[in-house]
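First the structure, in the form of structure tokens, and then the observations on it.
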Number of protein chains: 2
Amino acid sequence: MSTAPAAPSADRSIELVRLLKLNERREPSVVQVATWVGLGIIEGRLRPGEDLNSVELSHRFNSSRTPVREALMLLESEGLVEIRARKRPRVAAFTLERVREIYFVRQHLLALVGGLVTEKATDDELVELRARLAQMEADAAGGDVDSYFWGHVALQERMTQIAGNETLKGILDSLALRTLILRHASLAQPGRLAASVADQLRIFEAIQNRDGELAAMLLSRATVAALRAIEESDWSQRQSSA
Amino acid sequence: MSTAPAAPSADRSIELVRLLKLNERREPSVVQVATWVGLGIIEGRLRPGEDLNSVELSHRFNSSRTPVREALMLLESEGLVEIRARKRPRVAAFTLERVREIYFVRQHLLALVGGLVTEKATDDELVELRARLAQMEADAAGGDVDSYFWGHVALQERMTQIAGNETLKGILDSLALRTLILRHASLAQPGRLAASVADQLRIFEAIQNRDGELAAMLLSRATVAALRAIEESDWSQRQSSA
DNA sequence: CGACCCATAATTGTCGACATTCAATGGCGA
DNA sequence: TCGCCATTGAATGTCGACAATTATGGGTCG
């Protein structure tokens, strides 16, 4: 387990708390543990298969094991942690097959989002989406993978929100969480950042032109492209060799 | 809260344990509580909005509050229970809008299942699906709504399993759980049982004929029909009047 | 030298108790 | 009579301790 203290970066933890829907649903102590462990998994500080000793975690946060166990259960329900009776909780490990499954579902659900967003987005919301894209363009131009990554996460979350189907949003948020670490790795590949920006711009234009079918198709294709990038990343190489 | 003792019907609890994926992941005590509460919600014994007092539940099962809290968290992650910090856990309450959201997603995901099942089902699995259908036909002919209902649940679970996408199956199982109570109510409407049987038979024929597109379309339409039945059921009448 | 087994240490699941917070009841005032 | 507020009771979240189970390491045997 990592030795870093309990001080996660502020901006990212806020986004994670949103994705986990922790805001009003848990005690601060549980949120703190879940955020630290969840961010650790996403950022790769905690590696797949690594033990998540509840005693050690409770010492790290100066609490008892009860809130720690609750936090780990929350992360389990989002697919980030594996809990089996009487065994130590572990960081969830994905097979390449599982990743392909997730992207297959994601591809089709994001297409639905594309249609819904095109139909429902107000002009104000279009302006907001464009502003987010502009920031992402700047991050990409500056080569700031980390900022672009989290901007991308926030953009998709905002789009699913505008789509107006809470159930759909919940599923996509959950799927997004499980693939965050992989997406981060794939974005770091040369050329991937620029390609992602181009995809997002085309998608936005389709939405702005109120062409729902095109937006759906582009989102679907962009998702496939993201999967391809993951398949070519270091992570997949390690998977296939293991 | 209901006053019935802790003795859920054996067959249905097994199916519920499968849907909740409780089998090897939790202690027996947690499974027992989660099964009893979950079945209670599905069968309508515990009503939407009703408080789930952890002290009372722990007394009912001669345990402490710890495993009860864990069971309620499991049910929360499946959308059957609502937990907010410092408030009493309650049975989740659905709005008609939320139900429509669920069926919108369900409709498109089941279409995916239809295509995958048609592609992947072996001849043996087709025989098994047909046998399940035969049993459901018999239940429907005998007017046994309850047996037909659980047979229908098991059939769809088996089909999603054959489809071979664990992620997709997990999502659909979760969505199915949230709508079980409504589906049960809608099946009790006059004529609905026969219509459902006819739908299922047509879907099976399409799969058997290896016509994936047709199977997807029929599954999608059958899902829409199920939503219509729910919208015309007592539950929806109560919703719109409230 | 490697595999198996047993004893020890560590970790889990559960419990009852406690302070804090919430909800419900009754009293007060308008 | 109705609405608001304080008080009381109940429920929650957390804690440290315990028995039961699992993981670890050393020792033995083939």
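Below, chain A is the first sequence line, B the second, and so on; all start at residue 1.
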Please check if the side chain of [X] supplies one atom and the backbone of [Y] the other of a donor-acceptor pair under 3.5 Å.
X: B:Thr179; Y: B:Leu175; answer: yes
X: B:Thr122; Y: B:Glu125; answer: yes
X: B:Thr35; Y: B:Val31; answer: yes

Gap between atoms [atom1] and [atom2], on [X] and [N] respectively (whole Å):
X: B:Asp51; N: C:dA24; atom1: CG; atom2: C1'; result: 12 Å
X: A:Arg90; N: D:dT22; atom1: CZ; atom2: P; result: 15 Å
X: A:Gln32; N: D:dG13; atom1: CD; atom2: C1'; result: 15 Å

List, one per line, each side-chain donor-acceptor pair under 3.5 Å for residues 92-101 of chain A, sequence neighbours excluded.
| unit_1 | atom_1 | unit_2 | atom_2 | d |
| --- | --- | --- | --- | --- |
| A:Thr95 | OG1 | A:Arg98 | N | 3.1 |
| A:Arg98 | NE | A:Glu101 | OE1 | 3.2 |
| A:Arg100 | NE | A:Glu231 | OE2 | 2.7 |
| A:Arg100 | NH2 | A:Glu231 | OE2 | 3.4 |
| A:Glu101 | OE1 | B:Glu166 | N | 3.0 |
| A:Glu101 | OE1 | B:Thr167 | N | 2.9 |
| A:Glu101 | OE1 | B:Thr167 | OG1 | 3.1 |
| A:Glu101 | OE2 | B:Glu166 | N | 3.3 |

Electrostatic pair B:Arg25:A:Glu82 at N-O distance under 4.0 angstrom:
no
Within the 4.0 Å limit for protein heavy atoms, which parts of nucleotides 10-22 of chain C are touched? Write it as a string from 5' to 3', B for base, S for sugar-phosphate only, - for none.
-SBBBB-B---SS
